[in-house]
S.K.: 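Starting off with a structure, shown below.
Heavy atoms only: backbone and side chains are in, while hydrogens, waters and symmetry mates are out.
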Amino acid sequence: MKCIICNGENICKADIKEEMKIGKDIVYLPINIPVCSTCGERYYDRRTIQYLENEGQRLKEGKVALNEVGKVLEYSQ
Ligand SMILES: [Zn+2]
């Protein structure tokens with residue numbers, strides 16, 4: 001499998017944290033997917049996309065226990 005972005009051949013499964021936006025919050029969801037080690041492009045298969053959609057729904061419904069690990073801050077105008 002070649003990377004569709006950079007044409008590199010170093011695509012390996014990696015543990016990454018997918019960023020999910022839930023309302024104004026960001027939730028990091030750990031997943032294991034193929035990632036291009038040259039350019040960082042992530043490859044999602046159908047199962048992963050389905051999983052992310054399911055978890056996104058569960059997160060919106062408040063069904064997942066979460067830890068606060070930091071804050072998201074924005075410049076004040
Ligand atoms: Zn690449």
S.K.: Taking C-beta and beyond as the side chain, do I11 and V35 meet within less than 4.5 Å on heavy atoms?
M.R.: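 Side chain of I11 against side chain of V35, heavy atoms only: no contact under 4.5 Å found.
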
S.K.: Which pair of non-hydrogen atoms, one from Y43 and one from K2, has the smallest distance, and what is that distance?
M.R.: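 Heavy atoms only, the tightest pair is OH-O, 4.4 Å.
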
S.K.: Are the side chains of M20 and L59 in contact, using a 4.5 Å heavy-atom criterion?
M.R.: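 A side-chain contact under 4.5 Å exists here.
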
S.K.: So how far is it from E41 CD to I5 CD1, rounded to the nearest 0.5 Å?
M.R.: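 Going from the CD atom of E41 to the CD1 atom of I5 covers 4.0 Å.
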
S.K.: To the closest 0.5 Å, what do you measure between CD1 (I31) and OG1 (T48)?
M.R.: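 I31 atom CD1 to T48 atom OG1 measures 6.0 Å (nearest 0.5 Å).
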
S.K.: Look at the side chain of S37 and the backbone N and O of N10, then say whether any donor-acceptor pair between them is shorter than 3.5 Å.
M.R.: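 Yes: the side chain of S37 pairs with the backbone of N10.
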
S.K.: Side-chain contact test, heavy atoms from C-beta onward, threshold under 4.5 Å: evaluate it for E55 versus Y51 and give yes or no.
M.R.: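 Sidechains of Y51 and E55: in contact.
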
S.K.: Enter the distance from D25:CG to I22:CD1 here, rounded to the nearest 0.5 Å.
M.R.: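 Here the rounded value is 8.5 Å.
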
S.K.: Treating Ile, Leu, Val, Met, Phe, Trp and Tyr as nodes and any side-chain heavy-atom pair under 4.5 angstrom as an edge, say whether V72 and V27 lie in one connected cluster.
M.R.: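 Each belongs to a different hydrophobic cluster.
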
S.K.: So, Q57 and E61: side-chain donor and acceptor under 3.5 Å apart, yes or no?
M.R.: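 Yes.
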
S.K.: In chain order, what residues pass the side-chain hydrogen bond (donor to acceptor under 3.5 Å, both in side chains) check against E18, with sequence neighbours excluded?
M.R.: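 Only R42, Y44 meet the side-chain hydrogen bond (donor to acceptor under 3.5 Å, both in side chains) criterion with E18.
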
S.K.: Would you compute the distance between atom SG of C36 and atom CE of M1 and round it to the nearest 0.5 angstrom?
M.R.: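 Rounded to the nearest 0.5 Å, the SG-CE separation comes out at 9.0 Å.
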
S.K.: With a 4.5 Å heavy-atom cut-off, do C39 and C3 have their side chains touching?
M.R.: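 Yes, close enough: below the 4.5 Å cut-off.
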
S.K.: So, taking the atom named NZ in K60 and the one named NZ in K21, what distance separates them when rounded to the nearest 0.5 Å?
M.R.: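 Nearest 0.5 Å value for the NZ-NZ distance: 11.0 Å.
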
S.K.: If you group Ile, Leu, Val, Met, Phe, Trp and Tyr by side-chain heavy-atom gaps below 4.5 Å, do V64 and L29 land in one group?
M.R.: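 Yes.
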
